[in-house]
Amino acid sequence: MNFNLPGLMYIQIVNNVCKYIQLTAEQQQIFIDHLKIRKIPPKTILLREGDICQFEGYIYKGCVRTFYVNENGFEVTISFGIEDWWVSDIASFHDQKPSKFFIETLEETEMLVLTPTSKAKLLMDLPKFELFFRLLVQRNLSVLQNRLINTIAQKAPERYLDFLKLYPSIPLRVPQYYIASYLGVSAEFVSIIKKRLAKG
């Protein structure tokens, strides 16, 4: 085992991968050997618009958000990432083209990270990870498609309830205005929705 990697981090990321593919003990170690640990303070920008994404990160601890800045200069939150989620700009990472997004830590965050070089080496050493990453992309696409449909078809209270199903811990962890920017409403309107739901 790589003794630079804390045991719980090792266990959790392997469990995450083994939801999709099976790994022998030897293959688990090969995978672990390709990873780097990053410990990142809160309010750190991991990726800026216009930069090329150089990481795919598994979140062991913490919370991040992906957002863009619209034509009026307002931040629009696309997604949140919490424990046992992966975070990256997939298009920028794979095509090595400038990103349209920002990725920022909202809490102190610990991640296990692959770079383009280490991921390419991992896929050469363990081709079965092609399936794993393809399934991750499919899951991410499904989440984004559902969000798009909900934004078009649902009213704000319904969108908030779906948000809670996807991110049940987020309202306790991030400022309300980030949730509002995700839902496309004002922070004040989120407060109104919460009060209405509390009354039943």
Side-chain angles (χ1 to χ4, degrees), residues 12 16 19 38 40-51 53 55-95 97-111 133 135-200:
Q12 288 199 19
N16 179 274
K19 294 175 186 176
R38 289 191 66 184
I40 309 150
K43 304 301 292 181
T44 298
I45 299 294
L46 302 176
L47 177 66
R48 293 184 181 276
E49 178 184 7
D51 291 347
C53 185
F55 69 91
E56 285 190 344
Y58 170 82
I59 303 172
Y60 170 72
K61 172 188 173 184
C63 179
V64 305
R65 72 175 181 126
T66 300
F67 67 97
Y68 72 93
V69 178
N70 68 18
E71 64 275 8
N72 297 316
F74 294 110
E75 295 179 1
V76 179
T77 300
I78 298 298
S79 63
F80 296 94
I82 54 176
E83 289 83 3
D84 206 37
W85 289 54
W86 289 77
V87 62
S88 181
D89 179 340
I90 297 171
S92 176
F93 181 89
H94 282 282
D95 297 336
K97 292 183 179 180
S99 177
K100 298 179 180 178
F101 304 109
F102 294 82
I103 299 178
E104 172 190 33
T105 60
L106 301 180
E107 300 173 348
E108 183 174 329
T109 299
E110 296 179 19
M111 293 197 305
F133 287 111
L135 292 173
L136 271 189
V137 169
Q138 289 176 356
R139 190 188 83 163
N140 184 62
L141 179 60
S142 176
V143 170
L144 290 175
Q145 284 179 331
N146 286 336
R147 185 184 172 201
L148 177 61
I149 292 169
N150 292 346
T151 299
I152 294 171
Q154 292 184 333
K155 295 181 179 179
E158 295 170 321
R159 296 204 302 273
Y160 183 72
L161 289 173
D162 280 343
F163 172 84
L164 292 179
K165 291 177 184 177
L166 184 61
Y167 301 114
S169 70
I170 287 294
L172 302 176
R173 300 173 67 172
V174 310
Q176 193 160 280
Y177 55 84
Y178 288 148
I179 298 173
S181 77
Y182 177 94
L183 296 173
V185 298
S186 68
E188 292 76 15
F189 194 61
V190 173
S191 294
I192 293 170
I193 294 170
K194 291 170 70 173
K195 290 177 182 176
R196 287 177 181 171
L197 292 173
K199 292 178 180 178

Worksheet item: Going from CD on E107 to CD1 on I40, what distance comes out if it is rounded to the nearest 0.5 angstrom?
Response: 12.5 Å

Worksheet item: Which heavy-atom pair separates V64 from I59 by the least distance, and what is that distance?
Response: CG2-CD1, 3.8 Å

Response to the item:
Distance col, row Q12:CD vs E83:CD, nearest 0.5 angstrom, shows 8.5 Å

Worksheet item: Of the non-hydrogen atoms in E104 and I45, which two are nearest, and what is the gap between them?
Response: CB-CD1, 3.8 Å

Discussion item. I need the E188 CD to I193 CD1 distance, nearest 0.5 Å.
Written reply: 11.5 Å

Worksheet item: Where the side chain of N70 meets the backbone of F74, is there a donor-acceptor pair that is under 3.5 Å apart?
Response: yes

Please tabulate, one pair per line, all N/O donor-acceptor pairs under 3.5 Å involving side-chain atoms of residues 163-172, not counting sequence neighbours.
unit_1 : atom_1 : unit_2 : atom_2 : d
Y167   : OH     : F80    : N      : 3.2
Y167   : OH     : F80    : O      : 3.3
S169   : OG     : R173   : NH1    : 3.4

Worksheet, complete the sentence: In short, M111 meets G57 closest at the heavy-atom pair SD-CA, 4.2 Å

Discussion item. My understanding is that only residues two or more places apart in sequence, or in another chain, count here; which of them pass side-chain contact (heavy atoms from CB on, under 4.5 Å) with Y177?
Written reply: P175, A187

Discussion item. Taking N146's backbone N and O only, do any of them form a donor-acceptor pair with N150's side chain (distance below 3.5 Å, no angle check)?
Written reply: yes

Worksheet item: Are any non-hydrogen side-chain atoms of I78 and K100 less than 4.5 angstrom apart?
Response: no

Item to complete: Could you pull out all residues at least two apart from F93 that satisfy ring pair (Phe, Tyr, Trp, His ring centres under 6.0 Å)?
Response: none

Practice prompt. Heavy atoms only: give me the nearest V185-A156 pair and the separation to one decimal.
Written response: CG1-CB, 4.0 Å

Item to complete: Rounded to the nearest 0.5 Å, what's the gap from OG on S79 to CH2 on W85? Could you check?
Response: 7.5 Å

Practice prompt. State whether the number of non-hydrogen atoms from other residues, nucleotides or ligands found under 6.0 Å of E108 atom CD is greater than 12.
Written response: no

Worksheet item: Going through the checks in order, is the side chain to side chain contact (heavy atoms under 4.5 Å, CB included) test met by T151 and R147?
Response: CA-CA 6 Å; T151 299; R147 185 184 172 201; 4.1 Å; yes

Item to complete: Can you sort out the partners of R159 under salt bridge (Lys or Arg N to Asp or Glu O under 4.0 Å), two or more places apart, ordered by chain and number?
Response: none

Worksheet item: Roughly how far, to the nearest 0.5 Å, is CD of E49 from OG of S99?
Response: 7.5 Å

Item to complete: Please list, chain by chain and in numerical order, all residues satisfying ring pair (Phe, Tyr, Trp, His ring centres under 6.0 Å) with Y58, sequence neighbours excluded.
Response: W86

Worksheet item: Can you find a heavy atom in the side chain of L136 that is under 4.5 Å from one in the side chain of E56?
Response: no

Worksheet item: Passes side chain to side chain contact (heavy atoms under 4.5 Å, CB included), E110 versus Y60? Steps please.
Response: CA-CA 6 Å; E110 296 179 19; Y60 170 72; 3.6 Å; yes

Worksheet item: So, the side chain of S92 versus the backbone of P98: is there a donor-acceptor pair under 3.5 Å, distance only?
Response: no

Worksheet item: Mind checking what makes ring pair (Phe, Tyr, Trp, His ring centres under 6.0 Å) contact with F102, not counting sequence neighbours?
Response: F67

Discussion item. Looking at every non-hydrogen atom in both residues, tell me the closest pair between V87 and F55 and how far apart they are.
Written reply: O-CE1, 3.6 Å

Worksheet item: Where do D162 and Q154 land on the side chain to side chain contact (heavy atoms under 4.5 Å, CB included) test, with the steps shown first?
Response: CA-CA 10 Å; D162 280 343; Q154 292 184 333; 2.9 Å; yes

Worksheet item: Nearest 0.5 Å, what's the CG-CD1 distance between D95 and I90?
Response: 11.0 Å

Item to complete: Without swapping roles, check the side chain of T44 against the backbone of T105 for a donor-acceptor pair under 3.5 Å.
Response: no

